[in-house]
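Any value given below was found using the heavy atoms of this structure, including those in side chains, with hydrogens, waters and symmetry copies removed.
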Amino acid sequence: MRVYSTLSKTKEPFVTVVPGQVGIYLCGPTVYKEAHIGHMVGPVIFDAIKRYLTHCGYKVKWVVNITDVDDKLINEANRRGVAMSQVAEENTADYLANLRSLGVDQIDAMPKATEHIEEIKSFVSDLIDKGFAYASGGDVFFDVAKDSQYGKLSNRSADEQQGEGGEAASKKRSPGDFALWKSAKPGEPSWDSPWGPGRPGWHIECSAMSRRLLGETFDIHGGGLDLVFPHHENEMAQSECCHGKPMVRYWLHNGLMRAASAGKVGGRSDREQTDKEQAGEATVDTKISRSKGAGGLADLIRRQTGERLRFFLLRTHYRTTIVFSEEGIQEAGVALDTFHRFFARWKRATGKDFYQLPRIASRSEGEIDPQGDPLLTEVAERRRGYLAKMDDDFNTGGAVSELFELLRVLNRYMDQHGLDQPAAASAEPLRSLERGVAALRELTALLGLFFQAPGLPDTEDQALVGKLVELLIELRTESRKKKDFATADRVRQGLASIGIQLEDRKDGTGWRIER
RNA sequence: GGCGCCGUAGCCAAGUGGCUAAGGCAGCGGAUUGCAAAUCCGCCACGCGUGGGUUCGACUCCCACCGGCGCCUCCA
């Protein structure tokens, strides 16, 4: 297995700190506003990565932090006239709900900054004691000049940093120094500390919490590409100066999501647009609006389903920029439906529910010995291809292509062996098919796909629609028998025009709702 | 200005120093169907932004240029 690390800028062999175990830390959101689609990229990708590593036999611990204290949270709380904790709680709940919809359920711990204040303070104290940080007017800064390695992740030097400026700048020894602890202004949430009341700086929480949950050196640290500098650079500086050893084996950064026009979704250009609009300035008409994904992820999920979004993200390589568009997500949905149709076909043939198939728990358990069986030979080949792609820096996009090939192999086999009529089918091909489908189940599960049947919930209205459609199908079937194709076509086309597609099969007519 | 990334068919998108450059969407032809839908079969980049260079050989490495994007202040 090979993994690309931002630090070395190359793919490196994957060797963990502790054999058989993997610790992953992913930078989570600052919960000052509801989640936008860009927030979902990392969690979805790392969810798939964890599933894969687990399948390969690793014991994986995946941590995603929640930043619940920060200037933006304070501002938002003041703007709304509520407590910072309330802002944090609401947006954390929104974030978690979105993760659930996207099938992200592999996270082992979600530490919050405000619940690790003691840990953070002692981390800061250590850095001061070791001479890497200094207190100044109630703030504590990391002394960038003391770290000879500073800049190695983002490839820049300490002395050319502009720093954040503002009033804190006058307290710094050099502009590139960054805050470990920020003194509280009147009315701001604060915690007591040896340097006076205040709150943690942005980067220190990740150093403190990752150490607590994963150790001084852990395997994978992830986040969006925009976090490389300053966040991860600073995080690494703090941790490595404090511990005198490497913080992370592999730095994995996912590409950012971009709106079709230009600019990162939810990023600076988005905010600049918003600022301009609020200031009454003219904006280009290709602007990124909240409705295009910069906000309201929950709405987007409702429109498109979490599964579609998940597949949309996983179709590409995690390091590439994804251009966000509803059309693109829609197209991903069209492709996904090919799988859904196969599941329906297979259920008609065997009575078995793809979604309820037993899980293949490990890579070794999923090994296939075709023993000359032509179908299983092909299935094994696709499975090998899939795993090889995933072994190469988690190439989910490449792996997906093998999934489509596998699907075609299975459909063709059903065609050729007439497996749609189970009564007519002999047991032998059916057994091979089932083994092939088991492989499809195994490989799609690794991407976190197909854990829940799509479609609307069963309500009385739904049942009523079903009965009406069945009635129309009955009438159409009678017309067809009488060669009254005009009437038959009116029924079929009429239903099609309202999104109900009929499918004439050998054993009768079926129907499905096209979304 | 500094540090980077990207540019593969109509669209989305993997990938490799040298076999026929994955897969998806759309499209076209065929099998099937009363017609459709679904499924299957076939077609769909003599070329991988442009121009040079290295090499026996590059789309893949190097340089330049053009175009798009990110970071350098908070951002997944």
Problem set entry | Nucleotide B:A13, atom P - distance to CG of A:Leu313 in whole Å | 12 Å
Seminar exercise, completed: Between A:Met414 and A:Ala349, the two heavy atoms sitting closest are CE-CB, 3.7 Å
Seminar exercise, completed: From CD1 of A:Ile204 across to P of B:C74 the rounded distance in Å is 15 Å
Exercise. Can you tell me if A:Tyr32 and A:Asn75 form a side-chain donor-acceptor pair at under 3.5 Å?
Worked result: no
Problem set entry | Nucleotide nearest A:Phe229 (side chain, heavy atoms from C-beta), chosen from B:A37, B:G70, B:C72 | B:C72
Problem set entry | Partner residues of A:Ser325 under the side chain to side chain contact (heavy atoms under 4.5 Å, CB included) criterion, sequence neighbours left out | A:Glu327
For this session: Go through B:G24, B:C35, B:G4 for me and flag the one nearest to the A:Arg476 side chain.
Result: B:C35
For this session: Quickly work out the A:Glu235 CD to B:A76 P distance and round it to whole Å.
Result: 13 Å
Exercise. If you check the A:Glu331 side chain, which of B:C25, B:A76, B:C40 turns out closest?
Worked result: B:C25
Exercise. B:U73 P sits how many Å from A:Asp70 CG, rounded?
Worked result: 17 Å
Exercise. Rounded to whole angstroms, how far apart are CG on A:Leu403 and P on B:A14?
Worked result: 16 Å
For this session: May I ask you to say what A:His317 touches in the nucleic acid, namely base, sugar-phosphate or nothing, with a heavy-atom cut-off under 4.0 Å?
Result: sugar-phosphate
Exercise. Any idea which of B:U39, B:C69, B:A22 is nearest the A:Glu405 side chain?
Worked result: B:A22
Exercise. At under 4.0 Å between heavy atoms, what does A:Asn411 touch on the DNA or RNA strands: base, sugar-phosphate, or nothing?
Worked result: sugar-phosphate
For this session: Determine the interatomic distance between P on B:C28 and the same-named atom on B:C19; round to the nearest Å.
Result: 33 Å
For this session: Indicate, with a heavy-atom threshold strictly under 4.0 Å, whether A:Pro230 touches base, sugar-phosphate, or nothing.
Result: sugar-phosphate
Exercise. How many Å lie between CZ on A:Arg156 and C1' on B:U73, as a whole number?
Worked result: 12 Å
Problem set entry | Set of residues satisfying side chain to side chain contact (heavy atoms under 4.5 Å, CB included) with respect to A:Val437, sequence neighbours excluded | A:Phe342, A:Trp346, A:Phe354, A:Leu357, A:Leu410, A:Leu433
For this session: Return each pair, listed once, that meets salt bridge (charged side-chain N to carboxylate O under 4.0 Å, His left out) where at least one residue sits in residues 331-344 of chain A; pairs must be two or more places apart or across chains.
Result: A:Arg315-A:Glu331, A:Asp337-A:Arg515
Problem set entry | Contact list for RNA chain B against residues 332-344 of chain A - heavy-atom distance below 4.0 Å | A:Val334, A:Ala335, A:Thr338, A:Arg341
Exercise. What nucleic acid atoms does A:Met414 come within less than 4.0 Å of, heavy atoms only: base, sugar-phosphate, or nothing?
Worked result: nothing
Exercise. If we take the C1' atom in both B:G47 and B:C59, what is their distance in whole Å?
Worked result: 8 Å
Seminar exercise, completed: Closest to the side chain of A:Arg315, out of B:A37, B:U39, B:G24, is B:G24
Seminar exercise, completed: Which of B:G70, B:G4, B:C35 is nearest the side chain of A:Asn155? It is B:G4
Problem set entry | Closest approach of A:Met209 to A:Pro111 (non-hydrogen atoms, all atoms of both residues) | SD-CB, 3.6 Å
For this session: Report yes or no: do A:Thr67 and A:Asp70 form a side-chain donor-acceptor pair below 3.5 Å?
Result: no
For this session: Round to a whole Å and report the spacing from CD of A:Glu478 to P of B:G34.
Result: 18 Å
Problem set entry | Audit row: A:Phe178, A:Phe141, ring pair (Phe, Tyr, Trp, His ring centres under 6.0 Å) steps and yes/no | CA-CA 5 Å; A:Phe178 53 90; A:Phe141 295 100; 8.9 Å; no
Exercise. So, is A:Thr320 near the phosphate of B:A14, with a side-chain N or O under 4.0 Å from OP1 or OP2?
Worked result: yes
Seminar exercise, completed: Against the side chain of A:Arg480, the closest entry in B:G68, B:G34, B:A22 is B:G34
Exercise. Base, sugar-phosphate, or nothing: which does A:Gly28 touch, judged by heavy atoms less than 4.0 Å apart?
Worked result: sugar-phosphate
Exercise. For the atom pair CD (A:Glu378) and CG (A:Leu406), what is the distance rounded to the nearest 0.5 Å?
Worked result: 9.5 Å
Exercise. Who passes salt bridge (Lys or Arg N to Asp or Glu O under 4.0 Å) against A:Arg100, sequence neighbours left out?
Worked result: none
Problem set entry | Under the side chain to side chain contact (heavy atoms under 4.5 Å, CB included) test, residues paired with A:Thr316 that sit two or more places apart | A:Thr320, A:Ile322
Exercise. Excluding sequence neighbours, so at least two apart, what forms side chain to side chain contact (heavy atoms under 4.5 Å, CB included) with A:Pro374?
Worked result: none
Problem set entry | Side-chain donor or acceptor of A:His417 paired with backbone N/O of A:Leu419 under 3.5 Å | no
Seminar exercise, completed: From CG of A:Asp71 across to P of B:C74 the rounded distance in Å is 10 Å
For this session: Check the geometry between A:Phe485 and B:G34 and answer yes if their rings are stacked (centres below 5.5 Å, planes below 30°), otherwise no.
Result: yes
Problem set entry | Neighbours of RNA chain B within residues 500-507 of chain A, by heavy-atom distance under 4.0 Å | A:Gln501, A:Leu502, A:Glu503, A:Asp504
Exercise. Which residues within residues 378-400 of chain A lie with some heavy atom under 4.0 Å of an atom in RNA chain B?
Worked result: A:Asn395, A:Gly397, A:Gly398
Problem set entry | Set of ring pair (Phe, Tyr, Trp, His ring centres under 6.0 Å) partners for A:Tyr318, sequence neighbours left out | none
Seminar exercise, completed: Checking N1-N3 plus N6-O4 or O6-N4 for Watson-Crick, or N1-O2 and O6-N3 for wobble, each under 3.5 Å, the partner of B:C71 is B:G2
Problem set entry | Under the salt bridge (Lys or Arg N to Asp or Glu O under 4.0 Å) test, residues paired with A:Lys112 that sit two or more places apart | none
Problem set entry | Atom C1', compared across B:A58 and B:G70: separation rounded to whole Å | 28 Å
Exercise. Does A:Arg156 make a cation-pi contact with A:Phe229, if we ask for NZ or CZ under 6.0 Å from the ring centre and within 45° of the axis?
Worked result: yes
Exercise. Of the nucleotides B:G70, B:C40, B:G34, which has the atom closest to the A:Leu256 side chain?
Worked result: B:G70
For this session: For B:C48 and B:A22, measure between their P atoms and round to the nearest Å.
Result: 15 Å
Name the pairs: protein N/O against N/O of nucleotides 5-8 of chain B, kept only if under 3.5 Å.
none

